[in-house]
Amino acid sequence: METESEPYVRLASLRQLHQVMADMNTARSLADTLQTVADGVVSALGYELACVNLVRQDGDLVVAAFSGNPAAEALITGRVGSRESWERRLNMGEAWGDLIFIPHTEGWVLDDDDVPQWFTEGPAPRFEDEWHPADRLFAPMYAPGSQGGPHGELLGVLSVDRPRNGRRPGAWGREALQMYAFQAAIAISNARLRSNMQRALVRLEREQQALRASEESFRQAFEYAPSGMAIAEMGGDQHGRILRTNDALCRLLGRPAAAMRRYSFSDLVHPEDIGTLLRTSAEGGRAELRLGRRDGTYVWVSLRNSVVADAADGPRFLLTHVEDIEERKRRELQLAHRASHDSLTGLPNSAELRARLSARLCQRPHSGHPGELESVDAAYGHPVYDSGGHGFDFRPGTDPYDAYDHHVHTVAPESEHDDGTKGLAVLFCDLDGFKSINDRFGHNAGDAVLIEVARRLSRGVRDGDTVARLGGDEFVILADGLGRADAQDLAVRLRNEIIQPIRAEGRAVRVGASFGIGWAHCGMTADEVLKSADERMYVEKRSRPKQHRRAG
């Protein structure tokens, strides 16, 4: 019977082999698994020495575990054999299934290769199947799922030596070692997977810890930043809605955090700055604008946006840094005011007057003034104007007035009589008798007179009119929307205000005033307008008797 040819195996040996395989699959780490594999060969398969050679990532094999001889273990554990040398060993000798046996009669050619090995010399075998110390037996271990053999993925090689019975393994011993190598490969693969998973879990935990630390650092930096910070949505129906603010921003705007979440920055920004905000939100970057406080006032801030993006979904939200620049803006406005206003009276100075006047005037030609219509060029089909100092150059198919369509032209009354036309009146005021006050009472008295005259002139005009000090005792008033009679009435009222007594250096003094009324209209320069009003002022001054130029 077939069963009678099967070898007898003690039940205790099978139990021991089963326990070793169980231990291989329950080891806690890859190193423990490898050592259990080596120890199991010695304890369950009847060999005195066992070595686990594990394939590294570079393809070479390292002695990862050894069992049976402490001296040999200390000598060769950790040493590396090249993949080339191992391939040579696995391709020579006798193939016992998946096992490779190289007898001592052939193994001498391997003595000088770089594979770590341990063996001793011994006498020649006394009988045919006696084990020689120089015999070599290898059990390749292939990854699960492969078909085994040289075409599978090699995980490592088990080297075994010195069978306890002193004989080369028989059929059962060979099959047991081959089955053991197969189970060892499964255990090693599983141990590698667990090891990789454990490393991944450790790496993930470290990354999560780093993320939590980073989030905590961000939270503290956000919450306790000395300047305002906010996070706002980006994109979608809720674009710009504030999600989170820090204490500094709440204090700056005088609004609690719960209330801030009901707004977007577009709800808080000054209406004149909404365009600046939208450009900053769309592009990221910085801008200076005004945000509304709870009490209805506005504060100047420097707003800097950073777009926080998600690799998959694109922009997600805006991180906004808000810095209070109210004091700096106040200083800048003060400097700008000083540059454009008279330091004594606080009125706009000559440069500011000319700038305001020039802003109302374009260089559109008008009859009787620079740029007067000279001819109509039949070739162009449109009027051609002389340069008049303004460089007009109209070409075929163009309308010379198109450039001014966006401009509301400044016009002037045409005749000396009031014809109902409203224009921009320019009143040139020169004080009469001011020099004698400076000479008699000193410059402090003269300064006091100039300050009071500036106050009276400012009080006597409408909101939106400009009162400027041109220099010395000369003042200019720009009053838009007046007819000739209106301008004359204004000059009379202002003159009557000025001639009232003025307290200067503890005494009452009086000055008079001469007014010249000019009219600004497009086609004139600011200097031309001022010169026209100045000339009319001198005509008016000379037309009055000297004793009537000031009232005392």
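Numbers here are sequence positions counted from 1. The basis for the numbers below is simple: all heavy atoms, side chains too, and nothing from hydrogens, waters or symmetry mates. Being a predicted model, the structure only gives us computed values, none of them experimental.
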Requested in this report: Please report the C-alpha distance between Arg330 and Glu327 in whole Å, then the side-chain angles of each, then the deciding distance to 0.1 Å, and finally whether the salt bridge (Lys or Arg N to Asp or Glu O under 4.0 Å) criterion is met.
Outcome: CA-CA 5 Å; Arg330 184 179 294 112; Glu327 187 60 33; 2.8 Å; yes
Query - Candidate pair Glu272 and Arg290, rule salt bridge (Lys or Arg N to Asp or Glu O under 4.0 Å), full reasoning - result: CA-CA 9 Å; Glu272 296 177 2; Arg290 289 158 289 182; 3.1 Å; yes
Query raised in the report: Given Asp534 and Leu470, is the side-chain contact (heavy atoms from CB on, under 4.5 Å) satisfied, shown in steps?
Result: CA-CA 11 Å; Asp534 185 28; Leu470 195 60; over 6 Å; no
Query - Worked check of side-chain hydrogen bond (donor to acceptor under 3.5 Å, both in side chains) between Asp439 and Ser436 - result: CA-CA 5 Å; Asp439 294 342; Ser436 63; over 6 Å; no
Report task. Give the C-alpha distance, both sets of side-chain angles, the deciding distance and a yes or no for side-chain hydrogen bond (donor to acceptor under 3.5 Å, both in side chains) between Ser82 and Asp60. Result -> CA-CA 5 Å; Ser82 67; Asp60 293 339; 5.3 Å; no
Query raised in the report: What's the verdict on salt bridge (Lys or Arg N to Asp or Glu O under 4.0 Å) for Arg212 and Glu205, showing C-alpha distance, side-chain angles and the deciding distance?
Result: CA-CA 10 Å; Arg212 288 192 293 269; Glu205 178 60 26; 3.1 Å; yes
Query - side-chain hydrogen bond (donor to acceptor under 3.5 Å, both in side chains) between Arg199 and Asn196, worked out - result: CA-CA 5 Å; Arg199 283 196 296 269; Asn196 291 337; 2.2 Å; yes
Report task. Take Met260 and Leu268 through the test side-chain contact (heavy atoms from CB on, under 4.5 Å) and record every step on the way to the result. Result -> CA-CA 10 Å; Met260 289 290 291; Leu268 301 174; 4.0 Å; yes
Query raised in the report: When you look at Met537 and Glu540, which way does the side-chain contact (heavy atoms from CB on, under 4.5 Å) test go after all the steps?
Result: CA-CA 5 Å; Met537 182 275 298; Glu540 195 270 344; 5.5 Å; no
Query - Check against salt bridge (Lys or Arg N to Asp or Glu O under 4.0 Å), Arg56 and Asp58 - result: CA-CA 5 Å; Arg56 303 191 311 181; Asp58 61 4; 2.5 Å; yes
Query raised in the report: Can you list the steps and then say if Arg192 with Leu54 is a side-chain contact (heavy atoms from CB on, under 4.5 Å)?
Result: CA-CA 12 Å; Arg192 276 184 165 173; Leu54 191 66; 3.6 Å; yes
Query - Thr466 vs Arg356, side-chain hydrogen bond (donor to acceptor under 3.5 Å, both in side chains): CA-CA, chis, key distance, verdict - result: CA-CA 9 Å; Thr466 295; Arg356 293 188 186 185; 3.2 Å; yes
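In this structure, CZ in Arg469 is found 13.5 Å from CG in Leu353, a value given to the nearest 0.5 Å. Interatomic distance, CG of Leu431 versus CZ of Phe475, reported as 5.5 Å (0.5 Å rounding). Distance check, rounded to the nearest 0.5 Å: CD1 of Ile188 to CG of Leu30 gives 7.5 Å. To the nearest 0.5 angstrom, Glu223 atom CD is 10.0 Å from Met229 atom CE. Atom-to-atom distance recorded for Leu61:CG and Leu155:CG is 10.0 Å, nearest 0.5 angstrom. Distance CD/Glu352 to CG/Asp342: 12.5 Å, rounded to 0.5 Å.
A heavy-atom distance below 4.5 Å is found between the side chains of Leu457 and Ile498. At a threshold of 4.5 Å between non-hydrogen side-chain atoms, the residues Phe515 and Leu490 do not count as touching. Using a 4.5 Å cut-off on side-chain heavy atoms (C-beta onward), Phe441 and Glu505 make no contact. Counting heavy atoms from C-beta outward, Ile502 and Val453 have side chains that approach closer than 4.5 Å. With a 4.5 Å cut-off on side-chain heavy atoms, Ile231 and Ile242 do not count as touching. In this structure, Trp519 and Thr410 have side chains that are not in contact, with every pair of non-hydrogen atoms separated by 4.5 Å or more. Counting heavy atoms from C-beta outward, Arg294 and Pro256 have side chains that approach closer than 4.5 Å. Looking at Ile437 and Arg440, their side chains never come closer than 4.5 Å, going by heavy atoms from C-beta outward.
Screening His321, Glu323, Arg304 for a side-chain hydrogen bond (donor to acceptor under 3.5 Å, both in side chains) with Ser227, the sole residue that qualifies is His321. For the pairing with Arg354, the side-chain hydrogen bond (donor to acceptor under 3.5 Å, both in side chains) check across Asn349, Thr525, Asp527 returns one residue only, Asp527.
One side chain, Asp432 or Ser514, offers a donor N or O that lies under 3.5 Å from an acceptor on the other.
Across all their heavy atoms, Met524 and Glu528 have their closest contact at CA-OE1, 3.2 Å. The two residues Ala533 and Val426 make their nearest non-hydrogen contact at CB-O, 3.6 Å. The two residues Val476 and Phe428 have their closest heavy-atom pair at CG2-CD1, 3.9 Å. Heavy-atom minimum distance, Pro271 versus Tyr298: CD-OH, 3.9 Å.
Here the side chain of Glu326 pairs a donor or acceptor atom with the backbone of Trp300 at under 3.5 angstrom. Side-chain atoms of Arg255 come within 3.5 Å of backbone atoms of Arg293 as a donor-acceptor pair (strictly under, hydrogens ignored). No side-chain donor-acceptor contact under 3.5 Å links Ser195 to the backbone of Ala191. Remark: side-chain polar atoms of Arg360 are not paired, donor with acceptor, to backbone N or O of Ala520 under 3.5 angstrom. Formation of a donor-acceptor pair under 3.5 Å by the Gln500 side chain with backbone atoms of Asn496 is found in this model. Using a distance-only test at 3.5 Å, with no hydrogens or angles considered, a donor-acceptor pair links the side chain of Ser458 to the main chain of Ala454. Listed for the Ser340 side chain is a donor-acceptor partner under 3.5 Å among the backbone atoms of Ala336. Arg503 contributes a side-chain N or O that, together with a main-chain N or O of Gly506, makes up a donor-acceptor pair within less than 3.5 Å. Distance alone, capped at 3.5 Å, is enough to place a donor-acceptor pair between the Asp465 side chain and the Arg462 backbone.
Residues forming a ring pair (Phe, Tyr, Trp, His ring centres under 6.0 Å) with Phe222 (at least two apart in sequence, or on another chain): Phe218.
Summarising the local packing, CZ of Arg328 is surrounded by more than 12 heavy atoms from other residues, nucleotides or ligands at distances under 6.0 Å. Surrounding CZ of Arg28 are at most 12 heavy atoms belonging to other residues, nucleotides or ligands under 6.0 Å away. Counting heavy atoms of neighbouring residues, nucleotides and ligands inside a 6.0 Å radius, atom CZ of Arg206 does not exceed 12 of them.
Between Arg262 and Asp267 there is no salt bridge, since no side-chain nitrogen of the basic residue lies less than 4.0 Å from a carboxylate oxygen of the acidic one. Between Lys329 and Glu332, at least one side-chain N (NZ, or NE/NH1/NH2) sits under 4.0 Å from a carboxylate O, which counts as a salt bridge.
The cationic group of Arg244 does not satisfy the cation-pi geometry with Phe317, failing either the under 6.0 Å distance to the six-membered ring centre or the 45° limit from the ring axis.
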